[in-house]
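Have a look at the structure below before the remarks.
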Amino acid sequence: MARVPVEDGYFTVPDDPAEVPRLLGSRCGACGEHFFPRRHVCAKCLAEGCADVLLGPRGRLWTWTYVHVPLFAKKDARVDAYGVGQVDLPEGPRVQAILVGGPEDFRIGIEMELDLETLRTDDDGREVVIFRF
């Protein structure tokens, strides 16, 4: 089944599900700083014309939290829970993303790998995916 990103321009969606996706970032030609998401102007030196680059696909967990959300905000409703963290990529950017796993799986400093999660199937029968670590 074909897969498409929930929003174009933020990450790759490899044709082979076994292949690791990559974040789409930028690198400043003047100072070498990397960014996610992509930028046209460098936030560090203000040079124009940052080049598109592939980032990741691995990084280290800088910090995290576990979010508990009651369904429909009812006191006795089922509670959905998920991890959210900030992952430092080797190129420099710190990326905030959903984390895969339970609270016992996360430790500051552990290595994380980018992954894709299916949100839904669109009207054309394609899987709509988001990135996560």
Counting C-beta onward and ignoring hydrogens, is there a side-chain heavy-atom pair between [X] and [Y] closer than 4.5 Å?
{"X": "Val95", "Y": "Phe131", "result": "yes"}
{"X": "Thr121", "Y": "Val128", "result": "no"}
{"X": "Val129", "Y": "Val13", "result": "yes"}
{"X": "Phe133", "Y": "Val100", "result": "no"}
{"X": "Leu23", "Y": "Tyr10", "result": "no"}
{"X": "His34", "Y": "Val53", "result": "yes"}

Item to complete: Answer with yes or no whether the hydrophobic clustering places Ile108 together with Leu99; edges join I, L, V, M, F, W, Y residues whose side-chain heavy atoms lie under 4.5 Å apart.
Response: yes
Taking the side chain from [X] and the backbone from [Y], do they hold a donor-acceptor pair closer than 3.5 Å?
{"X": "Arg38", "Y": "Gly25", "answer": "no"}
{"X": "Asp124", "Y": "Arg126", "answer": "no"}
{"X": "Arg132", "Y": "Leu114", "answer": "no"}
{"X": "Arg22", "Y": "Thr12", "answer": "no"}

For a quick test of reading the model, state the closest non-hydrogen atom pair linking [X] to [Y] and the distance between them.
{"X": "Val6", "Y": "Phe11", "answer": "N-CZ, 4.2 Å"}
{"X": "Ser26", "Y": "Arg39", "answer": "OG-N, 2.9 Å"}
{"X": "Pro14", "Y": "Val20", "answer": "CG-O, 3.8 Å"}
{"X": "Cys31", "Y": "Cys28", "answer": "N-SG, 3.4 Å"}
{"X": "Phe36", "Y": "Leu24", "answer": "CD1-O, 3.3 Å"}
{"X": "Phe106", "Y": "Ile110", "answer": "CA-CD1, 4.1 Å"}

Discussion item. Centroid separation under 6.0 Å, is that true for the rings of Tyr66 and His68?
Written reply: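 Yes, they do, as the ring centres are separated by less than 6.0 Å.
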With sequence neighbours excluded, tell me which residues meet salt bridge (charged side-chain N to carboxylate O under 4.0 Å, His left out) with [X].
{"X": "Arg58", "result": "Glu111, Glu113"}
{"X": "Arg27", "result": "none"}
{"X": "Glu19", "result": "none"}

Discussion item. Can you tell me how far apart CD (Glu127) and OG1 (Thr118) are? Round to the nearest 0.5 Å.
Written reply: 3.5 Å
Hey, is [atom1] on [X] packed in by over 12 heavy atoms from elsewhere, all under 6.0 Å?
{"X": "Glu117", "atom1": "CD", "result": "yes"}
{"X": "Asp15", "atom1": "CG", "result": "no"}
{"X": "Asp123", "atom1": "CG", "result": "no"}

Worksheet item: Can Asp88 and Arg94 be counted as an ion pair, charged N to O under 4.0 angstrom?
Response: yes
